[in-house]
**Q** 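The following block contains the structure, expressed as structure tokens.
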Amino acid sequence: MSKLYTLFQELAKSDDPLHCKTYIELTVSQPELATKLERLLRHIERPLDDLTDRIYDEIMLSDNPISRLGRTIDNKYKIVELLGQGGMSDVYKATRSDGLIEHSVAVKYFSLAHSSDDALDMVTKEAQILATLDHHLIATFLDIGHDDHQEPNIMMEYIEGQTLFAFLRNENNPQALEKVHKTLNEAKDYLKRKGIVHGDINHNNVLVDNNGCANIIDFDIATYAELTSG
């Protein structure tokens, strides 16, 4: 697994990652890596609309998320739309293309992976956590897929809606806001009961569906509670 990905996982959980000992030491020992890490950490709380600003970054230049459009996954699903980009991943909409049924899924790729093995490690880690969850306010895990370029991905339930950031920017109805608050707390309480530490619930990885409910859709840096104790 790439050092950049590992460091991002570790520092994203800190209240002040850019002033912690690990980051400060990195600025001295590996300043170039520290610069890349800083750019990712500063994007954690930024709206998805602004994340396209990361295109100037070397990571985005090497990832080129647009290039995945049109790919076929497991000879069944075709990637048709880029839904969003986060600090570590790109998420797409894919539709069933074999003609048997009409169906759409969300497909997640890890943009920080340096190799297929790297990507599969990241996919497997998050997929294993998702596979243990069964809640109507958490995106359902469907499978681990491979596209026709042999790049691994996570296939999940496709939820129509808008990010919590976009919702809060446009909505001021007290009842609607209360419903989002209540459903988000319900999902968070479920994760706590399951022993999952999400580590990064923010306005960009919570989706408000067409029924006005908050759904947690991203588990990039989630871990099991027992693995973080001590």
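FYI, the numbering just counts along the sequence from 1. Below, all heavy atoms of this structure are taken into account, side chains as well, without hydrogens, waters or symmetry copies.
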**Q** Return the CD to NE2 distance between Glu157 and His136, rounded to the nearest 0.5 Å.
**A**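 Between atom CD of Glu157 and atom NE2 of His136 there are 11.0 Å.
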**Q** Do Tyr92 and Arg68 have a side chain donor and acceptor closer than 3.5 Å?
**A**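 Checked: Tyr92/Arg68 side chains pair up, N/O donor to acceptor below 3.5 Å.
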**Q** So, do Leu133 and Phe141 sit near enough that their side-chain heavy atoms are less than 4.5 Å apart?
**A**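 Heavy-atom side-chain distance check fails, nothing below 4.5 Å.
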**Q** Return the CD1 to CD1 distance between Ile138 and Ile129, rounded to the nearest 0.5 Å.
**A**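 It comes to 11.5 Å.
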**Q** Is there any salt bridge (charged side-chain N to carboxylate O under 4.0 Å, His left out) pair reaching into residues 69-81, and which pairs are they, with sequence neighbours excluded?
**A**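 Qualifying pairs, neighbours excluded: Arg71-Asp147, Arg71-Glu151.
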**Q** If we only count heavy atoms from C-beta on, is the Tyr77 to Asn153 side-chain gap below 4.5 Å?
**A**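 In short, these two side chains do not touch, never coming nearer than 4.5 Å.
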**Q** How many angstroms lie between CD1 in Ile154 and CZ in Phe219, if you round to the nearest 0.5 Å?
**A**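 If we round to the nearest 0.5 Å, Ile154:CD1 and Phe219:CZ are 10.5 Å apart.
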**Q** Can you tell me if NE2 on His146 sees more than 12 non-hydrogen neighbours from other groups inside 6.0 Å?
**A**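 Count over threshold, so yes.
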**Q** Could you walk me through whether Tyr109 and Val123 satisfy the side chain to side chain contact (heavy atoms under 4.5 Å, CB included) test, starting with their C-alpha distance in whole Å, then the side-chain angles of each, then the deciding distance to 0.1 Å, before giving a yes or no?
**A** CA-CA 8 Å; Tyr109 287 86; Val123 163; over 6 Å; no
**Q** Would you say Leu26 ends up clustered with Leu18 if hydrophobic residues are merged whenever their side chains have heavy atoms under 4.5 Å apart, either directly or through other cluster members?
**A**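 Hydrophobic grouping puts Leu18 with Leu26.
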**Q** Any idea which heavy atoms bring Cys213 and Lys179 closest together, and the distance?
**A**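 The pair with the smallest heavy-atom distance is SG-CE, 3.6 Å.
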**Q** Gly212 and Val180: which non-hydrogen atoms are nearest, and at how many Å?
**A**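 The pair with the smallest heavy-atom distance is O-CG2, 3.5 Å.
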**Q** Would you mind reporting whether Val91 and Ile217 have side-chain heavy atoms less than 4.5 Å apart?
**A**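 Ile217 does not reach Val91 side chain to side chain.
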**Q** For the residue pair Asn205 and His198, establish whether any side-chain heavy-atom pair is separated by less than 4.5 Å.
**A**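 The answer is yes, as the side chains (C-beta and beyond) meet within the 4.5 Å cut-off.
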**Q** Are there over 12 heavy-atom neighbours, none belonging to Asp148, within less than 6.0 Å of that residue's CG?
**A**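 More than 12 heavy atoms, drawn from other residues, nucleotides or ligands, come within 6.0 Å of this atom.
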**Q** Would you say His203 and Thr163 make side-chain contact, with heavy atoms under 4.5 Å?
**A**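 Not touching, per the 4.5 Å side-chain cut-off.
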**Q** Grab the two heavy atoms, one from Gly161 and one from Leu207, that are nearest each other, plus how far apart they are.
**A**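 So the two residues come closest at C-CD1, 4.0 Å.
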**Q** Given side chain to side chain contact (heavy atoms under 4.5 Å, CB included), test Asn170 with Gln162 step by step and report yes or no.
**A** CA-CA 11 Å; Asn170 300 318; Gln162 58 184 322; 4.0 Å; yes
**Q** Mind checking whether Leu168 and Leu184 sit in one hydrophobic cluster, side chains of I, L, V, M, F, W, Y counted as touching below 4.5 Å?
**A**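 Shared cluster, yes.
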**Q** Does Asn185 reach the main-chain N or O of Lys182 with its side chain, forming a donor-acceptor pair under 3.5 Å?
**A**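 Judged by distance alone, no pair lies under 3.5 Å.
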**Q** Restricting to non-hydrogen atoms, name the atom on Leu69 and the atom on Leu82 that form the minimum distance, rounded to 0.1 Å.
**A**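 Between these two residues, the closest heavy atoms are CD2-N, 3.8 Å.
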**Q** Measuring from atom NZ of Lys188 to atom CD of Glu186, what distance do you get when rounded to the nearest 0.5 angstrom?
**A**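 One gets 13.0 Å once the value is rounded to the nearest 0.5 Å.
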**Q** Does Met122 belong to the same Ile/Leu/Val/Met/Phe/Trp/Tyr cluster as Ile196, with side-chain heavy atoms less than 4.5 Å apart forming each link?
**A**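 Yes, same cluster.
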**Q** Are Lys108 and Glu126 packed together at the side-chain level, in the sense that at least one heavy-atom pair is separated by less than 4.5 angstrom?
**A**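 Side chain of Lys108 against side chain of Glu126, heavy atoms only: contact under 4.5 Å found.
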**Q** Which value, rounded to the nearest 0.5 Å, describes the distance between Ile159 atom CD1 and Leu83 atom CG?
**A**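 So the CD1 of Ile159 and the CG of Leu83 are separated by 11.0 Å.
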**Q** State, with a plain yes or no, whether a side-chain heavy atom of Tyr190 is found less than 4.5 Å away from one of Ile216.
**A**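 No, too far: nothing below the 4.5 Å cut-off.
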**Q** Do Ile201 and Met156 share a hydrophobic cluster (ILVMFWY, side-chain heavy atoms under 4.5 Å, transitive)?
**A**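 Yes.
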**Q** Determine the minimum heavy-atom distance between Val28 and Pro31, stating which atoms define it.
**A**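 It is O-CD, 3.9 Å.
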**Q** Does the side chain of Tyr158 pick up a donor-acceptor pair with the side chain of His103 at under 3.5 Å?
**A**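 No, because no side-chain N or O of Tyr158 sits under 3.5 Å from a partner of the opposite role on His103.
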**Q** For the pair Asn173 (side chain) and Gln175 (backbone), establish whether a donor and an acceptor sit closer than 3.5 Å, ignoring hydrogens and angles.
**A**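 Looks like yes, one N/O pair under 3.5 Å.
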**Q** Quick one: are Val206 and Phe165 in side-chain contact, heavy atoms under 4.5 Å?
**A**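 No - every pair of side-chain heavy atoms lies 4.5 Å or more apart.
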**Q** Specify the closest pair of heavy atoms between Thr183 and Ala214, including all atoms of both residues, with the distance to one decimal.
**A**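 Heavy-atom minimum between the residues: OG1-N, 2.9 Å.
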**Q** Working note: Val105 + Asp143, criterion side chain to side chain contact (heavy atoms under 4.5 Å, CB included); need CA distance, chi angles, decisive distance, verdict.
**A** CA-CA 10 Å; Val105 297; Asp143 205 351; over 6 Å; no
**Q** Tell me whether Thr124 contacts the main-chain N or O of Asp121 through its side chain, where contact means a donor paired with an acceptor under 3.5 Å.
**A**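 No, because the side chain of Thr124 does not come within donor-acceptor range (under 3.5 Å) of the backbone of Asp121.
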**Q** Please determine whether residues Ile144 and Phe110 belong to a single hydrophobic cluster, defined as Ile, Leu, Val, Met, Phe, Trp and Tyr linked transitively by side-chain heavy-atom distances below 4.5 Å.
**A**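 Same hydrophobic cluster.
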**Q** Checking the side chain of Asp98 only, and the main-chain atoms of Arg96 only, is there a donor and an acceptor separated by less than 3.5 Å?
**A**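 Here the side-chain-to-backbone pair does not exist.
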**Q** Roughly how far, to the nearest 0.5 Å, is the CG atom of Leu177 from the CG atom of Asn172?
**A**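 Atom-to-atom, Asn172:CG and Leu177:CG are 7.5 Å apart.
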